[in-house]
Number of protein chains: 2
Amino acid sequence: MSDSVPESTRQTLDRLYEDPENRLTSLFELAPDDEQVDAQLGVFKALANEHRIRILEALKEGELCACELQVVLDAPQSTVASHLRELKDAGLVKTRRQGKWTYYRIGDTAALQLLEIAHALAEGE
Amino acid sequence: MSDSVPESTRQTLDRLYEDPENRLTSLFELAPDDEQVDAQLGVFKALANEHRIRILEALKEGELCACELQVVLDAPQSTVASHLRELKDAGLVKTRRQGKWTYYRIGDTAALQLLEIAHALAEGE
DNA sequence: CATACATATCGATAAAGGCCGTTTTAATAC
DNA sequence: GTATTAAAACGGCCTTTATCGATATGTATG
């Protein structure tokens, strides 16, 4: 495995550690597998937008249809629709169709936990 | 307050509810204040990147210097440095300078909670 | 002082994401 | 069937973010 390590890196590590070979190995072991990172990334990307955060906050109190969310966000229909699509794709909201209305609700309480923890974390700074 | 509501919205709500005026009011109350959303947004933006997630995962086990994180990420020095800057600005990591090395560590255990919850959430899909 | 090296910042380019008017689909009522 | 309305998808334009070589800054050592 150490064949893939550039010489410059090896030299750096040589200077830093008694046992560079061992340290190198443990550094590589710190990398989580791609699937896990991709999964986490999908969730955080879905949350990394003001409109989408506002949608989830609004849905705390219960389900709302897309047209109501347009009022909450004060944004055009197509804009709101695309954000709802992203939240749904990420599994953060679920939908229920009733007649011509589509109702959105929180898909997993973990989504609310994320919002709360992020809020608390930012407060603490 | 209802002066700021477009006529089209009012008409939609008229069709939907017995007491549209009341419903409109409660819809507006669903909006959290800008500061809270900004704070949450800052956290999620910082987490919405594969390299930055990998950095935090690597720091789970303890502090690492920037040069070690270059090995973990297998990315150029300037790229890693800019991600570290973002994580620091977001309060997700803290730094300690020792000689010419800068050591990075998790700034708040809430950061690790976010990673875990996001992972679990995505698994459940 | 000069040199070496770790890290930080700058800046140009490339990639990704967001916005929103328009169009299409789907459900309902007549 | 037509008309109406909610929601979804399309597509062009624009803004934001990411990348990474080059340069600057900071910190040791001789």
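Below, chains carry the letters A, B, ... as their sequence lines are ordered, and counting in each starts from 1. Side-chain atoms are counted along with the backbone in the values below, which use heavy atoms only and exclude waters and symmetry mates.
You'll find the side chain of A:Ile55 reaches within 4.5 Å of the side chain of A:Leu87, heavy atoms only. Put simply, the side chain of B:Ile106 does not reach to within 4.5 Å of the side chain of B:Lys60, judged on heavy atoms. Within the 4.5 Å cutoff, the side chain of B:Leu56 has heavy atoms near those of the B:Leu47 side chain. Within the 4.5 Å cutoff, side-chain heavy atoms of A:Phe44 are placed close to those of B:Leu115.
Between A:Glu57 and B:Gln36, the side chains place a donor N or O and an acceptor N or O closer than 3.5 Å (distance only, hydrogens not considered).
OP1 or OP2 of C:dA8 has at least one side-chain nitrogen or oxygen of B:Tyr104 nearer than 4.0 Å. Of the side-chain N and O atoms in A:Thr79, none sit less than 4.0 angstrom from OP1 or OP2 of C:dC19.
Atoms CG (A:Leu73) and P (D:dA7) sit 13 Å apart, rounded to a whole Å. As rounded to whole Å, 11 Å separates atom P of D:dA7 from atom CG of A:Leu64. Per the geometry, CH2 belonging to B:Trp101 stands 9 Å off P belonging to D:dT29, to the nearest Å. In this structure, B:Gln70 atom CD and C:dA6 atom P are separated by 9 Å, rounded to whole Å.
Of the possible polar contacts, none joining the A:Asp108 side chain to the A:Ala111 backbone as a donor-acceptor pair under 3.5 Å is found.
Nearest heavy atom pair, residue A:Ala75 against residue A:Val80, reads O-CG2, 3.8 Å.
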task = Summarise protein proximity over nucleotides 22-30 of chain C in one line of letters, 5' to 3': B for base, S for sugar-phosphate only, - for none, counting protein heavy atoms closer than 4.0 Å.
result = B----SS--
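Within a heavy-atom distance below 4.0 Å of DNA chain C, the residues of residues 36-52 of chain A found are A:Lys45, A:Asn49, A:His51, A:Arg52. DNA chain C lies under 4.0 Å from at least one heavy atom of each of the following residues of residues 81-96 of chain A: A:His83, A:Glu86.
Contacts of B:His119 classified as ring-ring contact (aromatic ring centres under 6.0 Å, His included), with partners at least two apart in sequence or in another chain: none. Applying the side-chain contact (heavy atoms from CB on, under 4.5 Å) rule to A:Thr95 yields the partners A:Lys88, A:Thr102, A:Tyr104; only residues at least two apart in sequence or on another chain are considered. For the side-chain contact (heavy atoms from CB on, under 4.5 Å) test, no residue two or more places apart in sequence or in another chain qualifies with A:Lys100.
Under 4.0 Å is where a charged nitrogen must lie from a carboxylate oxygen, and between A:Lys45 and A:Asp38 no such pair does.
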